[in-house]
Amino acid sequence: MKRVLYIILCTVLFAGCSEDFTDLAPVSNRNEADFYNSADDFEVAINASYSGLQSTGIYGRGYWTMFEMRSDNTDQGPDATGLARQYTEINSFTEDALNEQITSAWSESYKVIANCNVILERIPNVEMDASLKNRVTGEALFIRSLVYYHMAIGFGNIPLQLTPYISGEELTQVDQNTILGQLVTDLTAAEDALPVSYSGSEVGKATKGAAATLLAKVLLTLGEDSAAETVLRRIIANYGYELLPDYADLWGVANENNAESIFEVQYISGGIGQGSLFTNDFSPSTDLQTGSGFGRNRPTVSMLEAYEDGDLRYDISMGDSYVDLEGETIEARYIKKYRSDLAIENDSDTNFVVFRYADVLLMLAEALGETPESYDLINEIRNRANLPDIDASTPGTFEEKLLQERRVELAFENHRWPDLKRFGMVDKIQDAEPFITGTREFFYIPQREMDINPNFVQN
């Protein structure tokens, strides 16, 4: 898959769209007469949608800003000037509708949605291999759903655009549950259309398991626990995932797309514009491995203290000190999960893990509620981390214990903010970070969207 992304680098890009309005038509529509006419065209187009997930507005930076830094897991770090101030404001709930990071997340997300919409509109009328047509349709439905899920959780009421945008068309907001309901329909179709696995250069593309995992997460968000249980048991029974014995084997370039991985955003280094920023963004400054780092998305003290004594995940997930270029040991909190050896700064081969099997097991525990089976599922995760079993007699409510386990197991993987919202525990952020004087459920819709669409209202 990484090599496939290289092939399409110069073919269909998202970078040339206007910055003046929500762009719901992909750049490739300038070649409409000559494009979307063959199987090769659609494979290029779907690969461009995957490539769009790499962008700084989506998984490159936008989504960890919205889903990790917004939560009690991470903060901006000691720098609060210049560009860093935008992150500090997001962390402290003081950003406004002009925040460039949130604006970027909105615009880049709708660019990917736009490309998927054109694929889904055009592909039924093109003669091509039926199995390939079915698969590309499923991929487009999954990618669009993945982006819409983040947008619905992040912004609440947003435009739901399922067909290519027509110039002058009025955009209308719909409520979050309408978005999520559409995703149930789309992800059910995607799971049916997609293969269980791939081989060769196509490893890393969306599978049945990826669609089903997102579907289960959407159903839990809608409060449809029984339906989510059915989907999660199907993943466990049919799709061949497993917990790796060693948590350390989940991370690093050599371990990507492993047996526990369900979906990853693929990045490729080499100075071609498709490397990830994670190693530099998350590393402290003057760090020996990276040469320099921005210290962004820094684990909070609350995150550090969330790990129990003896939890093997702590040292694998985060560090609390490093050796600088002068050989001095510096105290600093930083994320380790996305570190790699870099030939060029800001050009890492490190993927972003979107879904993995541990999340499926913990979501099944959530869907079941407090039962012996739920504790068995949680303890399967805990035992790998060298922690003892818990049960109904362990202090705390079941929801508190489950949320705690999700926090340390899935740290820095963009699950914490949706989890806090789904569990009704957003106010926990203020307990962990006293400088926060108030929280909000949703981000502000970017001001330029409000200016152009006077019918929009902020959530």
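Reckoned from all heavy atoms, side chains included, excluding hydrogens, waters and symmetry mates.
The pair Arg356-Glu413 counts as a salt bridge, with a side-chain nitrogen and a carboxylate oxygen less than 4.0 angstrom apart. With salt bridges taken as basic N to acidic carboxylate O contacts below 4.0 Å, none links Lys401 and Glu405. A salt bridge links Glu409 with Arg384: the closest approach of a Lys/Arg side-chain nitrogen to an acidic carboxylate oxygen falls below 4.0 angstrom. A salt bridge does not link Glu305 with Arg333: none of the charged nitrogens is closer than 4.0 Å to a carboxylate oxygen. Under the 4.0 Å criterion applied to side-chain N and carboxylate O atoms, Arg440 and Glu95 are assigned as salt-bridge partners. A salt bridge links Lys217 with Asp359; the closest basic N to acidic carboxylate O contact falls under 4.0 Å. Between Asp419 and Arg422, at least one side-chain nitrogen of the basic residue sits less than 4.0 Å from a carboxylate oxygen of the acidic one, meeting the salt-bridge criterion. In this structure, Asp75 pairs ionically with Arg298, as a charged nitrogen and a carboxylate oxygen lie closer than 4.0 Å.
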Apply side chain to side chain donor-acceptor pair (under 3.5 Å) to Thr178 and Asp175, showing your working. CA-CA 5 Å; Thr178 298; Asp175 63 84; 2.9 Å; yes
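Note that the CG atom of Leu215 and the OG1 atom of Thr188 stand 4.5 Å from one another [nearest 0.5 Å]. Considering OG of Ser49 and NZ of Lys111, their distance stands at 13.5 Å, rounded to 0.5 Å. Distance OH/Tyr50 to CD/Gln266: 9.5 Å, rounded to 0.5 Å. Rounding to the nearest 0.5 Å places CD1 of Ile46 at 7.5 Å from CG of Leu120. Note that CZ of Arg416 and CZ of Arg406 are 10.0 Å apart. Values are rounded to the nearest 0.5 Å. Going from atom CG of Leu377 over to atom CG of Asn379 covers 9.0 Å, rounded to the nearest 0.5 Å.
Listed for the Ser348 side chain is no donor-acceptor partner under 3.5 Å among the backbone atoms of Ser276. Between the side chain of Arg407 and the backbone N or O of Asp72 there is at least one donor-acceptor pair closer than 3.5 Å. Within the 3.5 Å criterion, the main-chain N or O of Asp391 finds a donor-acceptor partner in the side chain of Thr394. Although no hydrogens or angles enter the test, the distance criterion places a donor-acceptor pair under 3.5 Å between the side chain of Asn258 and the main chain of Asn255. Glu108 places no side-chain N or O within donor-acceptor distance of the main-chain N or O of Ala105, the cut-off being under 3.5 Å. Judged by distance alone, with hydrogens and angles left aside, the side-chain atoms of Ser104 form no donor-acceptor pair with the main-chain N or O of Gln101 at under 3.5 Å. Under a 3.5 Å cut-off, the side chain of Lys421 and the backbone N or O of Glu441 do form a donor-acceptor pair. A donor-acceptor pair is defined here as one N or O able to donate and one able to accept, closer than 3.5 Å; such a pair exists between the side chain of Gln458 and the backbone of Ile445. In this structure a side-chain-to-backbone donor-acceptor pair under 3.5 Å is present from Gln173 to Asn157. In this structure, the side chain of Thr279 engages the main chain of Tyr338 through a donor-acceptor pair within 3.5 Å.
Closest approach of Asp186 to Ser145, counting heavy atoms only: CB-OG, 3.6 Å. Residues Pro388 and Asn383 share a closest heavy-atom pair of C-ND2, 4.3 Å.
Glu370 and Tyr375 form a side-chain donor-acceptor contact under 3.5 Å, judged by distance and modelled atom types alone. Checking Ser283 against Asn280 by side-chain atom types alone, no donor-acceptor pair falls below 3.5 Å. No donor-acceptor contact under 3.5 angstrom links the side chains of Asp349 and Ser340, judged on distance only. Defined by atom type and a distance below 3.5 Å, a donor-acceptor pair is present between the side-chain atoms of Glu264 and Asn351. In this structure, a donor-acceptor pair under 3.5 Å is present between the side chains of Asn117 and Arg144. Between the side chains of Glu100 and Thr103, no donor-acceptor pair is found at a separation under 3.5 Å. Between the side chains of Asn459 and Tyr444, no donor-acceptor pair is found at a separation under 3.5 Å. In this model, no donor atom of one side chain and acceptor atom of the other lie less than 3.5 Å apart for Asn297 and Asp281.
Ring geometry for Phe155 against Phe443 counts as tilted: the plane angle lies between 30° and 60°, on a 0 to 90° scale. Under the 30°/60° scheme for interplanar angles, the aromatic rings of Tyr63 and Tyr59 are found to stand perpendicular. Classification of the His415-Phe355 ring pair by plane angle, with boundaries at 30° and 60°, yields tilted.
Every residue was checked against the side-chain hydrogen bond (donor to acceptor under 3.5 Å, both in side chains) condition with Asn414, not counting sequence neighbours, and none meets it.
Ring centroid separation for the pair Phe282 and Trp64 comes in under the 6.0 Å cut-off. Residues Phe352 and Phe278 place their aromatic rings such that the two centres sit under 6.0 Å apart.
When side chains are defined from C-beta on, Leu361 counts as touching Leu243, because their heavy atoms get closer than 4.5 Å.
Both the sub-6.0 Å distance and the 45° axial angle are not jointly satisfied by Arg313 relative to the ring of Tyr307.
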